[in-house]
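Worksheet: one structure, shown below.
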Amino acid sequence: MNPNFSRRSLLRAGGAAAVVASGGLIASQAFSQQSRKLTFAWNATAFCLSPVVVAQERGYFERNGLQVDLVNYTGSTDQLLESLATAKADAAVGMIHRWLKPLESGFDVKIVGSSHGGCVRLVGAKSAGVTDLASLKGKTIGVSDIASPGKNFFSILLAKNGIDAEKDVVWRQYPADLLDIAVKKGEIQAIADGDPNIYLIEKRNQGAFVEVASNLSGEYKDKVCCIVGARGELVRKDKATVASLVRAIVQASDYVAENPNESAKLFARYSPKVAVEDLRALLGTLTHKHHPVGRNLRDEVEFYARDFRGVGVLKKTTDPVRFAEHVSFDPLA
């Protein structure tokens, strides 16, 4: 792990302050309470993780009695979960589409909270006639990672629409910033990737692409994307600290939903290559008001586990109910 930075909010109010309630889950805590230290791993280039920046910069971590060191982690999901399981980090945030398969392998990490839905999209090249899911049959889809959330998710969506993701389409990997070049060369006819990359591709090729689907399409419109995980030992020995982290992320996610412009300005400090107005537009496409915890989160884990088992990402022998019960934990109960 490479800790590129550790920022602590300077926003302190005098005396004690009540934390704003969110969905009835938030309990008030005093600033004078001794802070509990926590190392939190995240990807500082992922705009959809703006709640992490908001929680740090606007004092939500502090208000929940936490002293959080942010660690910028850019390794693979397996490496990230291993860092949690081996106590190199206490908690982390990532995409449920990436986490379920390695969690099936037995990492001692529990899913404890969530932040939002959205941020993965599939766009088709108009010049190739790709405008809906049916038109993808026989086409080649470009991805930035052959094990990416985009490939995993859209394989499921294609299967649910009668298209075999292994036989009826071809998946081809390219560097993220070259995906639109591959379209222009005729090597691929669609792109499945996350934002801001898809957004920037559409912006520099205005009118060339049409959105075919996203991970908020149809039955997924109220499903979570980014989840919070904590190392198993911390969950078992310090439930209060995990609960404080979950509350802070919930509060910060609500703030992003209600204040996308201010949130974009805060995140721009961490992502100088994307303009504030673009970050603002992107935040408006996400569902930061949707951050299930407890039983609701467990149910969504089960939902995705069924999907992933159906397309072979998870083993056929994996029981979605038992799996969800095992990898999920409710620190607020």
Side-chain angles (χ1 to χ4, degrees), residues 43 45-49 76-77 94-101 116-221 223-227 274 282 285-287 304 307-308 310-314:
N43 185 336
T45 65
F47 85 97
C48 61
L49 301 184
S76 70
T77 299
M95 300 180 73
I96 193 169
H97 313 86
R98 280 192 182 274
W99 281 40
L100 294 192
K101 180 60 180 178
H116 72 273
C119 77
V120 178
R121 295 193 292 137
L122 173 64
V123 296
K126 290 182 180 179
S127 60
V130 178
T131 57
D132 57 19
L133 290 172
S135 61
L136 281 167
K137 198 165 186 177
K139 301 295 193 299
T140 300
I141 304 171
V143 293
S144 58
D145 178 355
I146 209 64
S148 67
K151 182 178 184 298
N152 286 344
F153 175 76
F154 291 115
S155 291
I156 293 167
L157 199 62
L158 287 171
K160 287 186 174 182
N161 283 270
I163 300 173
D164 189 316
E166 298 304 320
K167 297 178 181 179
D168 295 334
V169 300
V170 175
W171 302 89
R172 191 170 293 168
Q173 181 174 331
Y174 292 85
D177 59 350
L178 296 181
L179 284 165
D180 56 334
I181 302 300
V183 171
K184 291 176 181 177
K185 290 182 176 180
E187 296 173 3
I188 60 176
Q189 293 79 47
I191 301 172
D193 203 19
D195 282 318
N197 192 45
I198 290 287
Y199 175 88
L200 295 175
I201 284 174
E202 289 177 312
K203 187 175 181 180
R204 62 177 177 257
N205 298 276
Q206 291 190 8
F209 294 93
V210 60
E211 181 174 310
V212 174
S214 78
N215 61 337
L216 292 176
S217 296
E219 64 185 317
Y220 298 93
K221 66 183 179 65
K223 292 293 184 288
V224 74
C225 173
C226 284
I227 52 176
V274 183
L282 284 164
T285 68
L286 306 181
T287 58
Y304 277 113
D307 272 359
F308 283 14
V311 295
V313 174
L314 296 186

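Throughout, numbering of the chain's residues begins at 1 and tracks the sequence. Fair warning: this is a prediction, and the values are worked out from it, not measured in the lab.
- Side-chain contact between Y199 and V274 is absent, with no heavy atoms from C-beta onward closer than 4.5 Å.
- The two atoms that bring C119 and C225 nearest to each other are SG-SG, 3.6 Å, heavy atoms only.
- Remark: the backbone N or O of D180 is not paired with any side-chain donor or acceptor of Y174 at under 3.5 angstrom.
- Ion pairing between a basic and an acidic side chain is recognised when a charged N comes within 4.0 Å of a carboxylate O; D145 and K151 show no such pairing.
- Once rounded to the nearest 0.5 Å, the distance linking NZ of K203 with CD1 of I198 reads 15.0 Å.
- Here the shortest heavy-atom pairing between W99 and T77 reads CD1-CG2, 3.7 Å.
- Residue F153 holds its CZ atom at 10.5 Å from NZ of K223, rounded to the nearest 0.5 Å.
- D168 contributes no side-chain N or O that, together with a main-chain N or O of I163, makes up a donor-acceptor pair within less than 3.5 Å.
- In this structure, L122 CG and S214 OG are separated by 9.5 Å, a value rounded to the nearest 0.5 Å.
- Side chain of W171 to backbone of A165: a donor-acceptor contact under 3.5 angstrom is found.
- Judged purely by atom type and a 3.5 angstrom limit, N197 uses its side chain to pair as donor or acceptor with the backbone of A176.
- Side-chain contact check for V123 versus V212: every heavy-atom pair is 4.5 Å or farther apart.
- With D164 contributing its side chain and K167 its backbone, the two residues share a donor-acceptor pair below 3.5 Å.
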Practice task
In sequence, state the C-alpha distance, the side-chain angles, and the governing distance for Y220 and D307, and then conclude on side-chain hydrogen bond (donor to acceptor under 3.5 Å, both in side chains).
Solution key: CA-CA 11 Å; Y220 298 93; D307 272 359; 2.5 Å; yes

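- Classified by interplanar angle (parallel below 30°, tilted 30° to 60°, perpendicular above 60°), the ring pair H97/F308 is tilted.
- We find that D193 and R121 are not joined by a salt bridge, their nearest charged nitrogen and carboxylate oxygen being 4.0 Å or further apart.
- The environment of NZ in K126 is crowded: more than 12 heavy-atom neighbours from other residues, nucleotides or ligands sit within 6.0 Å.
- To the nearest 0.5 Å, the span separating CG on L179 from CD1 on I191 amounts to 5.0 Å.
- By the neighbour-count criterion of 12 heavy atoms within 6.0 Å, atom CD of E219 is densely surrounded, having more than that number from other residues, nucleotides or ligands.
- Under the 3.5 Å distance criterion, with hydrogens and angles disregarded, no donor-acceptor pair is assigned to the side chains of K101 and N152.
- In this structure, the side chain of Q189 engages the main chain of T140 through a donor-acceptor pair within 3.5 Å.
- Counting heavy atoms from C-beta outward, F47 and L286 have side chains that approach closer than 4.5 Å.
- Remark: I201 CD1 to F209 CZ distance equals 6.5 Å, nearest 0.5 Å.
- One finds no salt bridge joining K139 and E187 here, because no Lys/Arg side-chain nitrogen approaches an Asp/Glu carboxylate oxygen to under 4.0 Å.
- Nearest heavy-atom pair, V130 versus V210, reported as atom, atom and distance to 0.1 Å: O-CG1, 3.2 Å.
- Smallest separation of non-hydrogen atoms from S155 and V311: O-CG1, 4.0 Å.
- Scanning all heavy atoms of the two residues, the minimum distance from V169 to L136 falls at CG1-O, 3.3 Å.
- Nearest heavy atoms, A213 versus L157: CB-CD2, 3.5 Å.
- With hydrogens and angles disregarded, no donor-acceptor distance shorter than 3.5 Å links the side chain of S148 to the backbone of S144.
- Judged purely by atom type and a 3.5 angstrom limit, Q173 uses its side chain to pair as donor or acceptor with the backbone of I146.
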